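Along the sequence shown, residues carry numbers from 1. It should be emphasised that the depicted structure is a prediction, and the values quoted were computed from it without experimental measurement.
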Amino acid sequence: MARPTTKQDLEALAKENYQKLVSLIEALSDKEREKEFPEGTMNRNIRDVIGHLYHWHLLFLNWYEVGMRGEKPKIPKEGYTFSDTPKLNREIWEQCQGVSLTEIRSLFEATHNKVFQLIQKHTDEELFTKKKYHWTGSTSLGSYLVSATSSHYDWALKLIRKSIKKK
């Protein structure tokens, strides 16, 4: 499916890719879920990938809360620019190391639900009108939500599939 440009498409693709991701993980044995990925990726296992998604949900939820109060959120995070994303992702990876897959999956499910509720709360116009909200800059709220959900879930699906096939 193409990148969503309507609320209906965003809801459908976010839900579809989330379900594909959850189903893929659930179809694996406990041993397969814990396997290390082949060298070459920072996220070395499923826990790391889900932790990455969870933490980017948290970042988005903060941007949304601050932005909707009329303030300008620090995007992607205080002290970081988008050119610092590798450094930020490394910090996220480090934060996930002491967390179990079961725990991170539960946290991810909760933030997915929060983000999905935000999608449902807004109209097509609110989601996909560029510059509708000052804090989204030259883009739309929907663009941020596509990145936080369907696109990011697709990245995770591809990474997990590729990594479990190589083993």
Can you name the salt bridge (Lys or Arg N to Asp or Glu O under 4.0 Å) partners of [X], sequence neighbours left out?
| X | answer |
| --- | --- |
| Arg47 | none |
| Asp154 | Lys158 |
| Glu71 | Arg69 |
| Lys20 | Glu16 |

Would you say the rings of His55 and Phe60 are close, in the sense that their centroids are separated by under 6.0 Å? no

For the residue pair Tyr144 and Trp135, is the inter-centroid distance of their aromatic rings smaller than 6.0 Å? yes

Which heavy atom of [X] sits nearest to which heavy atom of [Y], and what is that distance?
| X | Y | answer |
| --- | --- | --- |
| Cys96 | Gly51 | SG-CA, 3.5 Å |
| Asn43 | Phe37 | O-CD1, 3.2 Å |
| Gly142 | Leu10 | O-CD2, 4.4 Å |
| Glu36 | Asn45 | OE2-ND2, 3.2 Å |
| Leu53 | Ala156 | CD1-CB, 3.7 Å |
| Asp9 | Thr6 | N-OG1, 3.0 Å |

Quick one, [X] and [Y] - any side-chain contact, counting heavy atoms below 4.5 Å?
| X | Y | result |
| --- | --- | --- |
| Tyr80 | Glu91 | yes |
| Leu101 | Glu34 | yes |
| Lys165 | Pro38 | no |
| Ser140 | Thr129 | no |
| Leu59 | Lys77 | yes |
| Leu21 | Ile160 | yes |

Using the side-chain contact (heavy atoms from CB on, under 4.5 Å) criterion, which residues pair with [X]? Sequence neighbours excluded.
| X | value |
| --- | --- |
| Leu28 | Glu32, Arg33, Ile46, Ile164 |
| Thr85 | Trp56, Phe82, Asn89 |
| Thr123 | Glu125, Glu126 |

Do [X] and [Y] land in one hydrophobic cluster if side-chain heavy atoms of ILVMFWY residues count as linked below 4.5 Å?
| X | Y | value |
| --- | --- | --- |
| Val99 | Val49 | yes |
| Leu159 | Ile25 | yes |
| Ile75 | Tyr133 | yes |
| Phe128 | Leu141 | yes |

Has Lys72 got more than 12 heavy atoms of other residues, nucleotides or ligands less than 6.0 Å from its NZ? yes

Over 12 foreign heavy atoms within 6.0 Å of CD, Gln97: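 Enclosed.
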
Between [atom1] of [X] and [atom2] of [Y], what distance do you get to the nearest 0.5 Å?
| X | Y | atom1 | atom2 | answer |
| --- | --- | --- | --- | --- |
| Glu94 | Asp48 | CD | CG | 11.0 Å |
| Leu107 | Ile104 | CG | CD1 | 5.0 Å |
| Lys114 | Ile119 | NZ | CD1 | 15.0 Å |
| Leu127 | Thr136 | CG | OG1 | 11.0 Å |
| Lys162 | Thr41 | NZ | OG1 | 8.0 Å |

Starting from Met42 and following side-chain heavy-atom contacts under 4.5 Å between hydrophobic residues (I, L, V, M, F, W, Y), which residues can be reached? Trp93

Yes or no on side chain to side chain contact (heavy atoms under 4.5 Å, CB included) for His152 and Ser147, after CA distance, side-chain angles and deciding distance? CA-CA 6 Å; His152 225 165; Ser147 295; over 6 Å; no

Evaluate the criterion side chain to side chain contact (heavy atoms under 4.5 Å, CB included) for residue pair Asn17 and Thr149; output intermediate values, then yes/no. CA-CA 8 Å; Asn17 285 356; Thr149 60; over 6 Å; no

Please evaluate residues Ser163 and Arg44 with respect to the criterion side chain to side chain donor-acceptor pair (under 3.5 Å), reporting the C-alpha separation (whole Å), side-chain torsions for both, the decisive distance (0.1 Å), and the verdict. CA-CA 9 Å; Ser163 297; Arg44 301 290 300 136; over 6 Å; no

I'd like to check the ring-ring contact (aromatic ring centres under 6.0 Å, His included) partners of Phe108; sequence neighbours left out, ordered by chain and number.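 Checked Phe108 against ring-ring contact (aromatic ring centres under 6.0 Å, His included); matches are Tyr18, His57, Tyr153.
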
Residues two or more places apart in sequence or in another chain: which of them pass ring-ring contact (aromatic ring centres under 6.0 Å, His included) with Phe116?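 Phe116 satisfies ring-ring contact (aromatic ring centres under 6.0 Å, His included) with His112 once adjacent residues are dropped.
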
Would you mind listing every side chain to side chain donor-acceptor pair (under 3.5 Å) that reaches into residues 101-110, with sequence neighbours excluded? Glu26-Arg105

Assess whether side chain to side chain contact (heavy atoms under 4.5 Å, CB included) is satisfied between Val115 and Tyr64, documenting all intermediate values. CA-CA 10 Å; Val115 172; Tyr64 181 86; over 6 Å; no

Could you walk me through whether Ser150 and Lys15 pass the side chain to side chain contact (heavy atoms under 4.5 Å, CB included) check? CA-CA 8 Å; Ser150 58; Lys15 185 182 281 188; over 6 Å; no

Residues that Lys7 engages under side-chain hydrogen bond (donor to acceptor under 3.5 Å, both in side chains), provided they are two or more places apart: none

